[in-house]
Amino acid sequence: MIDEADRDLKNALRALAVGSTPALDTDLWPRMRARLEAPRPGPSALEWVLAAAVGAAMLVFPQIMLGVLYHL
Amino acid sequence: MDDLNARFVQGDATAFEALFRAHQREVYGWIVRVVRDGTAAEDLTIETFWRAYRSRSRFDPARSFGAWLRRIAMNAAIDHLARAPRDRAAAPDAVDPVGVARIEAADARQSLDRAFRALPPVLRVTAMLALVEERPYHEIAGILDVSVAAVKSRVFRATRLLRRELTRLGWQR
């Protein structure tokens with residue numbers, strides 16, 4: 001895949017990767033399970049504010065509903 | 001295995017656990033070779049499986065779960081490297097010729113490690129897949145979701161950058 005001139009670089013990279021790659025010595029499943037079971041965070045305060053702003057804008061300017069529906 | 005894949009797609013937690021246990025070491029190995037940090041690699045292994053679990057409905061059970069995971073893992077590694085400050089080699093731009101002459105084999109290895117860490121994330125991943133693992137370009141293109149031409153270009157750029165950085169660091173082989 002690469003020319004001969006880069007062979008030494010490739011061999012050195014491979015030696016580096018093999019010689020300094022630690023093996024995984026623990027089972028990560030308990031951490032994975034904890035992440036799966038963690039409660040999902042609800043909407044943030046900013047999201048609530050944005051939703052309220054959009055709702056208020058629709059009440060004040062109902063004609064923008066047409067634009068919103070068009071983009072849906 | 002197809003049955004396990006199918007159960008995973010349907011959201012079967014037991015199937016997911018079986019797939020996790022079967023692939024976690026392999027995924028960790030792929031990632032740690034790129035990020036070169038064991039703690040980060042553990043976190044990214046979990047992140048990889050988390051992304052896989054969330055997007056399981058898009059996985060075709062007839063295909064290789066490992067190949068799909070590899071794609072997700074490499075994307076997770078690239079995202080991590082893009083967020084982290086780039087490791088920069090600390091050597092000065094002007095290399096002292098006397099200092100260069102003193103560089104020994106251990107220093108050469110360290111220089112290579114620094115040069116590799118200094119690569120931009122996508123080039124780092126491409127270099128690992130192409131130069132170290134010698135994956136065919138078409139397979140790398142599939143993993144990184146780019147064209148074969150883009151892979152060739154990235155390998156060329158990675159090699160050139162590695163050589164330039166190693167020259168700057170006074171790498172001797």
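Here is how names work: the chains are called A, B, and so on, in the same order as the sequence lines, proteins then strands, and each is numbered from 1.
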Item checked: L9(A) side chain near L166(B) side chain, heavy-atom distance below 4.5 Å -> yes
Note to self: Do F16(B) and L36(A) make a side-chain contact, defined as non-hydrogen atoms from C-beta onward lying under 4.5 Å apart?
What the structure shows: yes
Checklist line | ILVMFWY network linking Y70(A) to L66(A), side-chain heavy atoms under 4.5 angstrom | finding: no
Notebook entry, point to check: What are the two closest non-hydrogen atoms of R36(B) and A17(A), and how far apart are they?
Noted result: NH1-CA, 4.3 Å
Notebook entry, point to check: Going by heavy atoms in the side chains, are E134(B) and R14(A) under 4.5 Å from each other?
Noted result: yes
Next item on the list: Please look at R21(B) and chain A and tell me whether the side chain, the backbone, both or neither of the residue comes under 4.5 angstrom of a heavy atom of that chain.
Entry: side chain
Notebook entry, point to check: Is it the side chain or the backbone of R54(B) that comes within 4.5 Å of chain A heavy atoms, both, or neither?
Noted result: neither
Next item on the list: Determine the minimum heavy-atom distance between Q24(B) and T26(A), stating which atoms define it.
Entry: OE1-O, 4.2 Å
Item checked: Which atoms of F20(B) approach chain A - backbone, side chain, both or neither, heavy atom under 4.5 Å -> side chain
Notebook entry, point to check: Which of the residues F116(B), W50(B), Y53(B) is involved in the greatest number of heavy-atom pairs with chain A at under 4.5 angstrom?
Noted result: W50(B)
Next item on the list: Side chain from CB out, backbone as N, CA, C, O: work out which of these in E47(B) comes under 4.5 Å of a heavy atom of chain A, or both, or neither.
Entry: both
Checklist line | Region of L162(B) that comes under 4.5 Å of a non-hydrogen atom in chain A | finding: side chain
Checklist line | Cluster check V54(A), W48(A): I/L/V/M/F/W/Y, side chain < 4.5 angstrom | finding: no
Next item on the list: Kindly give the heavy-atom pair with the smallest separation between D27(A) and R25(B), and that separation in Å.
Entry: N-NH2, 4.5 Å
Note to self: Count I, L, V, M, F, W, Y as connected when their side-chain heavy atoms are under 4.5 Å apart, and connections chain through other members. Are L59(A) and F61(A) then in the same cluster?
What the structure shows: no
Item checked: Closest non-hydrogen atom pair between F49(B) and M32(A), with its separation -> CB-SD, 3.5 Å
Check: Under 4.5 Å between any side-chain heavy atoms of D43(B) and R31(A), yes or no?
Finding: yes
Next item on the list: Looking only at non-hydrogen atoms, find the nearest pair between L13(A) and L131(B) and report the distance.
Entry: CD1-CD1, 3.7 Å
Margin query: Same cluster or not: V125(B) versus F156(B), using hydrophobic residues (I, L, V, M, F, W, Y) connected whenever any side-chain heavy atoms lie under 4.5 Å apart?
Written below: no
Checklist line | Inter-residue atom distance T45(B).OG1 - L28(A).CG, 0.5 Å rounding | finding: 6.0 Å
